[in-house]
Structures are given as structure tokens and as C-alpha cells.
Amino acid sequence: MGTNTSSNFQGTDFQMLDIEYKSKKPPKKFNSIRQFLHATLPAVIPARDHSHVHASDLLKRGLYEDKEFCPREYALLDTLGLKRPDEFLHTSNQKVFGEGNTGANWLVHTIADAGIAVGHWGCKYCQKEYKFCKRPVECIDCLHKEFKYIEVRFRSKESDIGGGIDVFIDLGEPKLRVVECKTMKDDEFKVLAGPLAEHKWRTNLYMRLVEDSPSKYRHLINTDEAIVFYMVKGGFGPKDESLLEEGITDSPYSPFKEFKVQRDDTETQRKWDHAVALYKWRKGESKKIPLGLCSTNVCKRAQSCSVRLPCFSSRFMGK
């Protein structure tokens, strides 16, 4: 007892784990968990297909944080047979995204336990899918009881913008509500008095996408008012006097805040119009390539644009 036998593991379970471990091609030698993670987490993420406009494309993010969505860029990528550059995610990026995904997944399954979450679900064993419903108790095919959550996606008929909704919630109202889930650092969470502008904008866009989609589910969803739901990263959250007003008495602290967002299409109209211009050109309803956003070829956005040179060449001048 007490002897280090780690080098003598020969059991079947270890061998199976070892096979999986080797398949991930770790560094030849590492001396710490941190070294291993920094060697394996960074990755080049292939550029998302630009053949459709995604809701996230309309917001500044990641490699494209200085590049507001431009319909002319997409049209020139089509014309020239090019694609957007791939995106490099370093270790910290991966951790942030992983924490956000884990938090959202925890929330969805927790409210599913309460019987109020609506979405698509897939059996983890036989892969059978259950569409736009509350999480099944068990799979009708294999009788297993574990399900993965699948976001419901919608695409606008007018603008061709598409996006996935974090989750829908049944509050006993005539229609389901769109819920946008976000995690936030403790210091930012404490002073949060309303939805951040970016989250409010995105939630507005999602309501508009749902209403303008051909989805058979759209009539079951409230497209006038939605919820942005925040969770603090770690900790209990700040002391919240409003808890008593809601009849919440288990603790004076809460790691959650939620805000209702009223639909306002004026907030999303500018970028919606850009997407519409691109879609009309792609359908052949407009013969001229859409106008771009850059006034000169030396502005900040143009400097990082993948089609800067052809965009400002005489070959593609005009609207």
C-alpha cells in the first residue's frame, strides 16, 4: 500500500482511455496540466460559410471585431470564389467560450427539469430527435433517459439572416418566450441594471427572425417581447433586495438577473437592410453589386477586409 503503481496500469479501462488520449495528438512531453492545455486548446477555426448571413455575423466578434457586416464584401467573395479567412482561437478564447457553453447548457437542462424549457432534443444513445417540445422523459425507441439539447434555428424570408435561439420558455402564457442566455464576470454582474446594448440588439433581431421565417413554429412564439437572462461566473451574486418582492426567500443573494426586451425593429433596421441588399443581388433581383461600408481603402475596416483590393478597383466600381 502507498506504492506508486501508476506506471503499471494494464487494465482494459486504462487501455481504452489511452487509445482515446493518443488520438488527440498531445505534445510529445508535458510537465503540467497548464502546459498540456496551452498546447492543445489553441486552434484555427475554419471560416464560417458565408453563403448565408448568420445573426452573429452582424455583430462584431473575434477575428471580425473591427469588421461590421458588409454586403459588398460577401458579394465580392461570391463573385471571386473566395472565402473569409480562418479564425485563430487561443487558450483564453477557448476557455471563455467553453464556460459560456457550459453555463448555457446547465441553464437549459435545469429549466428543463422544471418542465418549462422548449427546444429540440436528441437521444444520446440512439440519436432520435424530438422537435420543438419539452424534454422527453425517455426515448420512445431505446428507452434511455439522457438527451442533448439542440437549438432551434430560424431564417428570414426577406433578408436570409439565420440564427439559433438559446432556448424558449413556457411561463404559462399564450405563447413561448425567446430567451437569450449570457454569463458575466462578478464585477460586471453587480452593477448590471439592464441588458447590455449588444444583447438587447441581438434579442431584437432574434424576435424579428422568428416572425419573418417560414417556420411552422413561429406562431407559437412571442415576437413582441423576449428575455435576456444573465448568470454570474462563480460566486453567489450580490445581495438583492428585489428577491423578497418576487417571493424568493431561500437566500438574500442571487447569481441570476433577467430583463425583458421589447421588440423594436428600428434598432436592427440598418443591418437588416444590408442583408436584404445582398440577398436581392444573390437572387438576381438587383444586377449591381451592393454598396460597401468603407469610404476609403485606408479606413480601419478596409485595412482588415479580405476583398479590399478588388473592392476599390475599377473593375467593381459603382453600386
Side-chain angles (χ1 to χ4, degrees), residues 11-25 40-41 43 45-46 48-49 51-52 54-56 89 94-156 161-183 202-203 206-207 209-210 213-223 226-229 231 233 255-256 258:
T12 301
D13 289 344
F14 177 77
Q15 291 173 355
M16 291 177 66
L17 287 172
D18 196 38
I19 292 171
E20 181 181 357
Y21 160 80
K22 288 178 179 176
S23 71
K24 295 182 180 179
K25 298 181 180 179
T40 57
L41 283 178
I45 307 301
R48 176 181 275 174
D49 181 11
S51 60
H52 290 291
H54 301 270
S56 58
L89 298 181
Q94 297 281 39
K95 182 178 180 293
V96 169
F97 294 151
E99 286 179 342
N101 291 335
T102 298
N105 190 62
W106 176 86
L107 174 66
V108 167
H109 281 280
T110 299
I111 62 177
D113 290 342
I116 59 175
V118 174
H120 296 336
W121 307 89
C123 175
K124 288 187 175 181
Y125 292 87
C126 72
Q127 312 306 315
K128 181 179 179 63
E129 290 193 7
Y130 298 82
K131 299 291 189 180
F132 207 70
C133 61
K134 296 181 180 180
R135 190 183 62 198
V137 174
E138 67 178 19
C139 179
I140 60 175
D141 284 357
C142 69
L143 304 183
H144 280 96
K145 299 181 180 182
E146 293 187 33
F147 297 86
K148 63 180 178 181
Y149 177 69
I150 304 169
E151 287 185 353
V152 185
R153 303 192 65 82
F154 297 83
R155 185 167 296 282
S156 160
I161 301 170
I165 310 300
D166 283 346
V167 69
F168 295 96
I169 192 167
D170 178 7
L171 295 176
E173 300 172 324
K175 293 188 176 184
L176 303 171
R177 284 185 184 262
V178 171
V179 179
E180 176 77 353
C181 309
K182 295 296 176 185
T183 56
R202 182 191 292 264
T203 305
Y206 285 150
M207 286 189 280
L209 289 185
V210 171
S213 76
S215 171
K216 62 183 178 182
Y217 309 126
R218 69 186 187 280
H219 299 302
L220 303 174
I221 300 163
N222 184 340
T223 55
I227 294 172
V228 182
F229 189 87
M231 299 180 287
K233 293 180 179 178
F256 310 124
E258 66 180 277

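Values in this document were obtained by computation on a predicted structure and should not be read as measured data.
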Distance (rounded to the nearest 0.5 Å) between [X] [atom1] and [Y] [atom2]:
X      : Y      : atom1 : atom2 : value
Thr110 : Ile116 : OG1   : CD1   : 10.0 Å
Arg218 : Leu209 : CZ    : CG    : 13.0 Å
Lys182 : Lys233 : NZ    : NZ    : 10.5 Å
Arg48  : His54  : CZ    : NE2   : 4.5 Å
Cys181 : Asn105 : SG    : CG    : 10.5 Å
His120 : Arg153 : NE2   : CZ    : 10.5 Å

task = Begin from the C-alpha positions of Ile221 and Phe154 and carry the test side-chain contact (heavy atoms from CB on, under 4.5 Å) through to its verdict.
result = CA-CA 12 Å; Ile221 300 163; Phe154 297 83; 3.7 Å; yes
List in chain and number order the residues that pass side-chain hydrogen bond (donor to acceptor under 3.5 Å, both in side chains) with [X], two or more places apart in sequence or in another chain; answer none if no residue qualifies.
X      : answer
Arg155 : none
Ser51  : Asp49
Thr203 : none

ask   = So Phe256 and Trp106, would you call those rings parallel, tilted or perpendicular, with 30° and 60° as cut-offs?
value = parallel
Please set out all donor-acceptor pairs under 3.5 angstrom arising from side-chain atoms of residues 131-151, sequence neighbours excluded.
{"residue": "Lys131", "atom": "NZ", "partner": "Glu129", "partner atom": "OE1", "Å": "2.9"}
{"residue": "Lys134", "atom": "NZ", "partner": "Gly115", "partner atom": "O", "Å": "3.0"}
{"residue": "Lys134", "atom": "NZ", "partner": "Asp170", "partner atom": "OD2", "Å": "3.0"}
{"residue": "Arg135", "atom": "NH1", "partner": "His109", "partner atom": "O", "Å": "3.4"}
{"residue": "Arg135", "atom": "NH1", "partner": "His109", "partner atom": "ND1", "Å": "3.3"}
{"residue": "Arg135", "atom": "NH1", "partner": "Asp113", "partner atom": "OD1", "Å": "3.1"}
{"residue": "Arg135", "atom": "NH2", "partner": "Asp113", "partner atom": "OD1", "Å": "2.4"}
{"residue": "Tyr149", "atom": "OH", "partner": "Asp166", "partner atom": "O", "Å": "2.9"}

ask   = Would Leu171 and Ile227 count as a side-chain contact (heavy atoms from CB on, under 4.5 Å) if you check the C-alpha gap in whole Å, the side-chain angles of each, and the deciding distance to 0.1 Å?
value = CA-CA 12 Å; Leu171 295 176; Ile227 294 172; 4.2 Å; yes
inquiry  = side-chain contact (heavy atoms from CB on, under 4.5 Å), that's the test. Do Ile111 and Val167 meet it? Break it down for me.
reply    = CA-CA 10 Å; Ile111 62 177; Val167 69; 4.3 Å; yes
Sequence neighbours excluded - salt bridge (charged side-chain N to carboxylate O under 4.0 Å, His left out) pairs with any residue from residues 117-126 =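 Residue pairs with at least one partner in residues 117-126: there are none.
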